[in-house]
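Notes for the one structure printed next.
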Amino acid sequence: MAWTRGQLVFNHTPLADVTKELERYHNLHFVLADSSLGQQTLSGRFDAGDLQPFLQALQTMLPVRVQRGKDTVVLHKR
């Protein structure tokens, strides 16, 4: 039901699945520079329409460095 309020909720969700879900809401493509990042799990509630707080939280919660381009977000392993 969170999606009806514009929220995305993840509960130990693999990052590969999280990025696929975010691509549905934003006109961009996520690239995992290291395929092992896709197995990292993420939990939390995020505003589906505001990507920047998610990207900031991602760098805090996981060993990830975000590189954002015009229509691509590359996730690098830290």
Side-chain angles (χ1 to χ4, degrees):
M1 293 300 288
W3 64 269
T4 61
R5 294 186 305 274
Q7 302 250 309
L8 298 174
V9 179
F10 303 109
N11 187 17
H12 299 289
T13 306
L15 187 56
D17 295 340
V18 171
T19 57
K20 286 179 188 171
E21 185 68 16
L22 286 167
E23 287 177 346
R24 294 178 59 214
Y25 289 87
H26 299 276
N27 189 25
L28 54 83
H29 177 66
F30 280 85
V31 176
L32 302 177
D34 183 319
S35 62
S36 69
L37 287 174
Q39 298 169 5
Q40 293 282 330
T41 60
L42 180 69
S43 296
R45 179 182 300 261
F46 303 96
D47 181 351
D50 193 358
L51 187 61
Q52 192 57 38
F54 168 79
L55 296 177
Q56 290 173 339
L58 187 63
Q59 292 183 108
T60 301
M61 298 166 68
L62 296 177
V64 170
R65 181 177 56 85
V66 174
Q67 179 184 7
R68 186 161 185 189
K70 180 180 176 185
D71 56 1
T72 304
V73 175
V74 181
L75 303 179
H76 299 274
K77 192 171 186 177
R78 274 193 286 135

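Please read all numbers here as calculations on a predicted model, not as lab measurements.
Thr41 places no side-chain N or O within donor-acceptor distance of the main-chain N or O of Thr13, the cut-off being under 3.5 Å. Between the side chain of Gln59 and the main chain of Val66, a donor-acceptor pair closer than 3.5 Å is present.
No option in Val73, Thr19, Leu37, Thr72 other than Thr72 meets the side-chain contact (heavy atoms from CB on, under 4.5 Å) test with Val31.
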*Please test Asp47 against Leu8 for side-chain contact (heavy atoms from CB on, under 4.5 Å), starting from the C-alpha separation and ending with a verdict.*
CA-CA 6 Å; Asp47 181 351; Leu8 298 174; over 6 Å; no
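Note that NZ of Lys77 is 11.5 Å distant from CG of Leu32, once rounded to the nearest 0.5 Å. To the nearest 0.5 angstrom, Asp17 atom CG is 11.0 Å from Leu22 atom CG. Distance check, rounded to the nearest 0.5 Å: CD of Glu21 to NE2 of His26 gives 10.0 Å. Atom-to-atom distance recorded for Phe46:CZ and Leu55:CG is 10.0 Å, nearest 0.5 angstrom. To the nearest 0.5 angstrom, Arg65 atom CZ is 9.5 Å from Arg78 atom CZ.
Taking the side chain as every heavy atom from C-beta outward, His12 and Ser43 approach each other to under 4.5 Å. For the pair Arg68 and Leu28, the minimum side-chain heavy-atom distance is below 4.5 Å. Contact annotation: the side chain of Leu58 never approaches that of Gln56 to less than 4.5 Å [non-hydrogen atoms, C-beta and beyond].
The same ILVMFWY cluster, assembled from side-chain heavy atoms under 4.5 Å apart, contains both Leu15 and Met61.
Applying the side-chain hydrogen bond (donor to acceptor under 3.5 Å, both in side chains) criterion to Lys20, with sequence neighbours excluded, gives no partner residue.
Closest approach of Gly38 to Pro14, counting heavy atoms only: O-CB, 3.4 Å.
Between Phe54 and Phe30, the ring-plane angle classifies as perpendicular under the 30° and 60° cut-offs.
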